[in-house]
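First the structure, in the form of C-alpha cells, and then the observations on it.
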Amino acid sequence: MSLLEDPFVVQLVNLLTLRAFRPDAFDMTAPLRMRFARQRLIGIVIYPNCIKLAKLHFGSTVHVEMVGTINREGPSDNELMRILSNIAKENPGVPAVVAYNHGFNAVKSFTVKRSENLFALLKENPQRVMGDDFEAGHSYSLVQHPTRESSIVFSYEQTVITALERILEQSGIICVRLQHSIGSLFAEVVETYKGIIPHNMLIISGCSVLYLEVDVRSDHEWMLLRNRSENPTTGAVEIKRQRNLVEQILPKEGELILVVDQQGADEHLGWEARIKELRPKLTVKTPPGKNETPVNRVFHALIRD
C-alpha cells in the first residue's frame with residue numbers, strides 16, 4: 001500500500017484541503033458551491049432543437065464559461081442520448097448540472113410556511129411542505145415573497161424527470177442536479193430584485209412560458225400567474241401555441257421585464273421585436289446585473305444556490 005492510500009494520510013489530506021467538510025456530491029439538499037468548491041462542472045441545457053453547454057467553476061467566485069451549442073436533428077430520445085454520450089466522453093468523470101424546459105406548472109400558494117430548512121424539507125418531504133396542495137407524481141420547488149405570506153410553487157412531472165434521468169445515466173453523464181429552467185430563472189430574477197419585482201414579468205424558456213402580473217403599489221405583490229409548457233418538439237403547432245399565449249397575456253402598455261432563455265441573442269431580439277410590434281406602448285426591460293444576456297443567465301440561475 002502506497003503512502004497516499006494510507007487511511008490516516010487520506011484523512012489528513014482531506015482535512016488540509018477542506019474536502020472532509022464538504023457535503024456528499026449527490027446531496028441534493030446542499031448548495032453546489034459547497035459540494036464542488038474549487039471544482040469544475042459542466043452545464044447542460046436541453047432544448048427541443050439543440051443543447052447548450054457551459055463550463056462551471058466554483059472558486060472564490062462562480063465562473064461560467066460558455067462552450068457553445070449543439071444542434072439536434074430532432075427531438076427523439078435516441079438523438080439526445082447520442083449527443084449526451086459524446087459530451088460524457090469529452091468530459092470523463094466531470095459532474096454535470098442539467099436543465100430541461102417542459103413538463104411544469106406554476107401556482108400561487110398561501111399555505112407554505114416560512115422555515116430555515118424549507119429547501120431541504122421540500123426535497124426530502126414535499127408532502128409535509130405542500131399539505132393538501134401536494135400531488136403524487138410531482139416534484140416541487142418554490143419561491144417565497146419577501147414580505148407577503150405567498151409563494152410561487154412550481155410542480156414538475158415526475159415521468160419527465162425519470163425519463164431524463166434514465167437518458168442521462170445511459171449516456172454516461174454524472175448528473176448532480178437536474179432542474180427546470182423556468183423555476184430556476186424565476187428564482188434568480190426574484191433574488192436580483194430582492195423579491196420586489198417592479199413590473200410585470202415574462203419568462204420564455206424553450207418549451208415553456210411564465211407570466212407574472214405584479215401589483216403597481218409599493219409592496220409589489222405577486223398577482224396573476226399564467227404559464228404554459230408545450231411538448232418538447234420543434235413542430236409549428238407548438239411554436240404557434242406559445243406565440244399565441246404570449247400575445248394573449250401581454251399588457252397593452254406600461255413596462256415589462258422580459259427574460260428569454262433561447263439559443264442565441266438573435267432569438268432574444270426576435271422575441272423583443274415581436275412584443276414591441278404587438279404592443280407599441282409597452283416598454284420592454286431586462287433584469288439588471290452582469291448576467292443580462294440570455295446566453296449565460298440560465299447557467300447562473302442553475303447554480304445560484
Side-chain angles (χ1 to χ4, degrees), residues 99 101-116 118-119 121-123 126 129-135 138-156 179-229 242 245-261 271-272 275 279 282-289 291-292 294 297-298 300-302 304-305:
N101 42 68
H102 65 280
F104 97 105
N105 188 44
V107 297
K108 183 178 176 181
S109 173
F110 295 95
T111 62
V112 179
K113 305 300 180 184
R114 298 186 186 277
S115 170
E116 290 184 359
L118 182 61
F119 177 78
L121 191 59
L122 190 64
K123 298 297 180 185
V129 176
M130 300 303 302
D132 293 339
D133 292 333
F134 174 79
E135 185 178 357
H138 289 77
S139 294
Y140 292 88
S141 69
L142 63 87
V143 180
Q144 292 183 306
H145 194 284
T147 59
R148 294 272 185 165
E149 291 301 320
S150 62
S151 307
I152 303 299
V153 177
F154 296 87
S155 63
Y156 312 106
Q179 58 197 69
H180 198 287
S181 53
I182 281 279
S184 304
L185 284 164
F186 179 76
E188 196 257 353
V189 173
V190 170
E191 185 178 82
T192 298
Y193 287 107
K194 308 300 182 186
I196 311 301
I197 303 172
H199 313 293
N200 297 339
M201 179 171 65
L202 176 65
I203 302 178
I204 302 173
S205 178
C207 304
S208 297
V209 174
L210 176 75
Y211 175 74
L212 178 67
E213 184 178 304
V214 179
D215 194 332
V216 296
R217 292 173 296 186
S218 59
D219 60 356
H220 298 287
E221 182 183 356
W222 302 341
M223 304 293 285
L224 177 68
L225 189 68
R226 297 280 299 275
N227 62 89
R228 181 189 291 275
S229 185
Q242 188 182 49
L245 176 65
V246 171
E247 184 174 354
Q248 291 170 19
I249 62 181
L250 284 174
K252 293 182 179 180
E253 57 187 10
E255 295 177 300
L256 176 76
I257 297 171
L258 177 64
V259 180
V260 181
D261 167 32
W271 271 110
E272 185 172 349
I275 290 172
R279 300 289 191 271
L282 190 63
T283 301
V284 178
K285 297 184 173 183
T286 55
N291 312 321
E292 68 276 2
R297 178 180 288 277
V298 63
H300 283 275
L302 296 179
R304 53 176 288 276
D305 55 22

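Values below: all heavy atoms of this structure, side chains included; hydrogens, waters and symmetry mates excluded.
L118 and K113 make their closest contact through CD1-O, 4.0 Å (heavy atoms, listed as atom of the first residue, atom of the second, distance). Between A106 and N227, the closest heavy-atom pair is O-ND2, 3.0 Å. Residue Y140 comes nearest to L122 through the heavy atom pair O-CD2, 3.5 Å, listed as atom of the first residue, atom of the second, then distance. Between Y193 and P288 the shortest heavy-atom distance is OH-CD, 3.3 Å. Scanning both residues, F110 and K108, for their nearest heavy atoms gives CZ-CE, 3.5 Å. Listed here is the closest heavy atom pair of L185 and V298: CD2-CA, 3.9 Å.
For the pair N101 (side chain) and C207 (backbone), a donor-acceptor distance under 3.5 Å is present. Judged by distance alone, the side chain of S184 and the main-chain N or O of A301 form no donor-acceptor pair under 3.5 Å. Using modelled atom types, no side-chain atom of S229 and backbone atom of S208 make a donor-acceptor pair closer than 3.5 Å. The closest donor-acceptor contact from the side chain of S109 to the backbone of T111 lies under 3.5 Å. In this structure a side-chain-to-backbone donor-acceptor pair under 3.5 Å is present from R279 to E247. With hydrogens and angles ignored, the 3.5 Å screen pairs no side-chain donor or acceptor of E213 with any backbone N or O of I249.
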Using the side chain to side chain contact (heavy atoms under 4.5 Å, CB included) rule, take V246 and W271 through it: C-alpha gap first, then chi angles, then the decisive distance, then the call. CA-CA 10 Å; V246 171; W271 271 110; 3.8 Å; yes
Applying side chain to side chain contact (heavy atoms under 4.5 Å, CB included), run through L302 and Q179 and close with a yes or a no. CA-CA 8 Å; L302 296 179; Q179 58 197 69; 3.6 Å; yes
I197 vs L212, side chain to side chain contact (heavy atoms under 4.5 Å, CB included): CA-CA, chis, key distance, verdict: CA-CA 10 Å; I197 303 172; L212 178 67; 4.1 Å; yes
Could you walk me through whether E255 and L282 pass the side chain to side chain contact (heavy atoms under 4.5 Å, CB included) test, one step at a time? CA-CA 6 Å; E255 295 177 300; L282 190 63; 5.9 Å; no
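Taken to the nearest 0.5 Å, the NE2 atom of H300 stands 11.0 Å off from the OG1 atom of T192. The distance from the CG atom of N200 to the CG atom of D215 is 10.0 Å, given to the nearest 0.5 Å. The distance from atom OG of S150 to atom CE of M223, rounded to the nearest 0.5 Å, is 10.0 Å. Of the inter-residue distances, the one linking I204 atom CD1 with L245 atom CG reads 9.0 Å to the nearest 0.5 angstrom. Here CG of D261 is found 9.5 Å from CD1 of I203. Values are rounded to the nearest 0.5 Å. In this structure, CD in Q144 is found 11.0 Å from CD1 in I152, a value given to the nearest 0.5 Å.
In this structure, the side chains of P198 and V214 stay at 4.5 Å or more apart for every pair of heavy atoms. Annotation: side chain of L210 is in contact with side chain of L225 (closest heavy-atom distance under 4.5 Å). When side chains are defined from C-beta on, V153 does not count as touching D133, because their heavy atoms never get closer than 4.5 Å. No side-chain heavy atom of K194 sits under 4.5 Å from any side-chain heavy atom of P146.
Looking at R304 and E188, no side-chain N of the basic residue comes within less than 4.0 Å of a carboxylate O on the acidic one, giving no salt bridge. Ion pairing of R114 with E149 is present here, as a side-chain N (NZ or NE/NH1/NH2) and a carboxylate O approach within less than 4.0 Å.
The environment of CZ in R226 is sparse: at most 12 heavy-atom neighbours from other residues, nucleotides or ligands sit within 6.0 Å.
Pairs passing the ring pair (Phe, Tyr, Trp, His ring centres under 6.0 Å) check and including a residue from residues 198-229, sequence neighbours excluded, read H145-W222, F186-W222.
Checked against ring pair (Phe, Tyr, Trp, His ring centres under 6.0 Å), H180 has the following partners two or more places apart in sequence or in another chain: Y100, F104, Y156.
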